Every structure is written in structure tokens, then in C-alpha cells.
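Structure record follows, encoded as C-alpha cells.
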2 protein chains.
Amino acid sequence: MVARIAEARLDRVFRALADATRRDIMRRTLLGAVSISGLAADYDMSFAAVQKHVAVLAKASLVRKASVGRERLISAVPNEIARARACLDELEALWRHRLAGLDAVLSEKK
Amino acid sequence: MVARIAEARLDRVFRALADATRRDIMRRTLLGAVSISGLAADYDMSFAAVQKHVAVLAKASLVRKASVGRERLISAVPNEIARARACLDELEALWRHRLAGLDAVLSEKK
DNA sequence: TATTCGCGCAACCATATGGTTGTATATTAT
DNA sequence: ATAATATACAACCATATGGTTGCGCGAATA
């Protein structure tokens with residue numbers, strides 16, 4: 001089933017976004033490519049910890065690495081963000097569906 | 001800082017949504033209230049496991065419980081979904097900002 | 001009344017997560 | 001050539017997560 005794979009992707013994307021540091025890395029790298037040490041300078045944790053956060057984002061395909069000399073430039077990829085958004089949109093659509101159902105019931109009572 | 005609390009809330013919401021079973025529970029409970037055992041009947045896991053999933057959603061304020069007799073009716077609350085969507089919207093807005101910047105650079109080259 | 005049903009909770013287990021330090025390697029700068 | 005920088009990777013640790021089973025309790029039913 002394709003759905004299984006899609007669900008696993010969504011798992012990874014939402015999991016990756018469930019951390020304030022990683023969301024911040026997304027914001028920084030959405031604006032432009034940044035090296036890992038460039039990122040690490042901004043957070044109160046070790047370089048290796050930031051490296052791990054980047055790895056989590058990369059496995060979720062939220063970010064890609066480009067080798068430039070001894071650096072790895074990290075830049076965000078918006079594709080999976082859109083997928084996650086589509087998932088939330090679907091949930092909100094279901095909610096509106098429920099409201100529409102209630103409206104139907106209410107208008108029948110008139 | 002209020003931001004800290006908001007970030008922690010987002011952590012919980014994204015974490016809660018990072019599981020296919022919990023996303024499915026959201027879909028079912030967005031359409032209407034369902035008891036925990038009603039939910040549990042649909043998944044290949046124990047009642048207690050489903051109970052825990054519901055607890056994760058509840059702690060993220062994605063769901064609320066209403067006691068009716070011996071049952072707890074679970075229904076989804078769309079508020080936190082909207083917050084999560086706003087977060088993703090912000091990320092996509094940053095991406096468009098980046099594209100706009102590139103456009104500016106490209107048009108200067110003309 | 002006795003029993004079954006729905007739920008909450010605790011204990012337990014295996015694995016994942018988020019952090020650390022340390023070591024190795026490739027690239028850049030002195 | 002040497003030193004410093006940027007990264008990768010492994011080992012380790014504490015805690016969180018996702019599942020299980022078992023027990024107790026209040027509510028519905030026979």
C-alpha cells in the first residue's frame with residue numbers, strides 16, 4: 001500500500017517539527033543555506049547535538065545538504081512542509097464537514 | 001516569555017500528530033464524538049494502548065473527553081490544529097520570502 | 001445480586017530520543 | 001608543515017515513547 005509509506009513520511013515530518021530547535025533551524029534555512037557550524041553558533045548545545053537535529057530534518061526530507069569545501073550547507077526544502085499542511089487541511093476540512101452536518105440538522109429543525 | 005509556552009504547545013501538537021494511529025483518531029473524532037472502546041475496536045492493539053494515544057492527543061489539547069455514563073466520549077477540538085497550520089504557514093511564507101529575494105537579485109541582473 | 005462492560009492506572013519491557021564526550025578525517029589558514 | 005576548522009561518527013547516558021498485562025472501580029445489564 002502506498003498509503004503506508006505516505007503515513008510513515010508524515011510521521012517523520014511531524015516528528016521532526018515537534019522540536020523548537022528544529023523549527024528554528026527550518027526558519028533559518030528557509031531563508032538561505034547555512035552551514036552546520038553556522039547553525040550551531042546560535043544554540044546552547046554542542047555541535048554534535050545540532051548535527052543530530054539536522055539529521056532528523058534531513059531524514060524527513062525537510063532539508064538537504066550540499067557539500068561546499070569542508071562545509072555542508074543546509075537549506076530547507078518546502079515540499080514536505082506542503083504535505084504536512086495538506087494533512088492539517090484535511091483535518092480542518094473534516095471539521096467543517098461536521099459543522100455542515102450540524103447545520104443540516106439545525107436547518108431541518110426549522 | 002510567552003513564546004516558550006507556545007513553543008512547548010507546538011511541540012506537543014506536532015508530536016501528537018506524528019503517529020498514524022493518532023491522526024486516524026483525529027479524523028474519526030473530528031466527525032463526531034466516539035468512546036475510547038469504540039475507537040479501540042478499529043485498531044490492532046490493546047484498549048490500554050488506544051487509551052494512551054487518546055491521552056497524548058488530550059495533553060496536546062487536540063481532543064477533549066466528556067463523561068457520559070461509564071463511557072468517555074472523545075471529540076476533536078480544531079483550535080490546536082489551526083495553530084499548527086499557522087506554524088506551517090509561517091514556514092511557507094519564509095520560503096516565499098526567499099523566492100522574492102531571489103527574484104529581486106535576478107531582476108537586478110537584467 | 002451477580003456479572004459484564006468501559007475506563008483508569010500502575011508496572012514492566014524494548015526501543016527511540018536528545019543530549020554529552022571523544023576520536024578520526026578532510027579542508028583551510030598560518 | 002603545522003595548526004585550526006568543519007564535519008562525521010561512535011559510545012554512552014538519562015529519559016521518553018509505545019506497546020503489553022494485570023488489577024480495581026463505577027456503571028449497566030441479566
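Since the model is a prediction, treat every value here as computed from it, not as a measurement. Chain letters run A, B, ... following the sequence lines, proteins first and then strands; every chain starts at 1.
Comparing C/dC7, C/dA29, C/dT20 by their closest approach to the side chain of A/Ala49 singles out C/dT20.
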Exercise for the section: Decide yes or no on side chain to side chain contact (heavy atoms under 4.5 Å, CB included) for B/Leu88 and A/Leu17, but give the supporting numbers first. Expected result: CA-CA 9 Å; B/Leu88 297 186; A/Leu17 293 175; 3.6 Å; yes
Practice task
Check step by step if salt bridge (charged side-chain N to carboxylate O under 4.0 Å, His left out) holds for A/Glu80 and A/Arg12.
Solution key: CA-CA 10 Å; A/Glu80 295 298 312; A/Arg12 270 179 260 121; over 6 Å; no
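Using a 4.0 Å heavy-atom cutoff across all strands shown, B/Ser37 reaches sugar-phosphate atoms only and no base atom.
C/dC5 atom C1' lies 16 Å from atom CG of B/Leu39, rounded to whole Å.
When each of A/Lys65 and A/Arg70 is assigned the nucleotide of DNA chain D bearing its nearest heavy atom, the one mapping closer to the 5' terminus is A/Arg70. Comparing A/Ser46 and A/Val68 against DNA chain C, the residue whose closest nucleotide sits nearer the 5' end is A/Ser46. Taking for each of B/Glu71 and A/Phe47 the nucleotide of DNA chain C with the nearest heavy atom, the 5'-most of the two is the partner of B/Glu71.
With a cutoff of under 4.0 Å to any heavy atom of chain B, the contacted region of DNA chain D is bounded 5' to 3' by D/dT17 to D/dA28.
Checking side-chain atoms of A/Arg22 against main-chain N and O of A/Ala16 turns up a donor-acceptor pair under 3.5 Å. Under the 3.5 Å distance criterion, the side-chain polar atoms of A/Arg72 are left unmatched by any main-chain donor or acceptor of A/Arg64.
Across residues 14-32 of chain A, A/Arg15, A/Arg22 each have a non-hydrogen atom less than 4.0 Å from an atom of DNA chain C (numbered order).
Nearest heavy atom pair, residue A/Met26 against residue A/Ala76, reads CE-CB, 3.9 Å.
Between A/Val63 and A/Val77 there is no side-chain heavy-atom pair separated by less than 4.5 Å. No side-chain heavy atom of A/Val13 sits under 4.5 Å from any side-chain heavy atom of A/Ile81.
Other residues, nucleotides and ligands contribute more than 12 heavy atoms inside 6.0 Å of the CZ atom of A/Arg85.
Phosphate proximity of C/dG8 to B/Gln51: present, with a side-chain N or O under 4.0 Å from OP1 or OP2. Using a 4.0 Å cut-off, no side-chain N or O of B/Ser35 falls inside it from OP1 or OP2 of C/dG6.
The pair A/Arg28-A/Asp42 meets the salt-bridge criterion, since a charged nitrogen lies less than 4.0 angstrom from a carboxylate oxygen. Taking 4.0 Å as the cut-off between side-chain N and carboxylate O, B/Arg4 and B/Glu7 do not count as a salt-bridged pair. Taking 4.0 Å as the cut-off between side-chain N and carboxylate O, B/Arg23 and A/Asp11 count as a salt-bridged pair.
Terminal axes of the helix from C/dT1-D/dA30 to C/dT30-D/dA1 (five pairs each, C1' rotation axis) are separated by 20°, to the nearest 10°.
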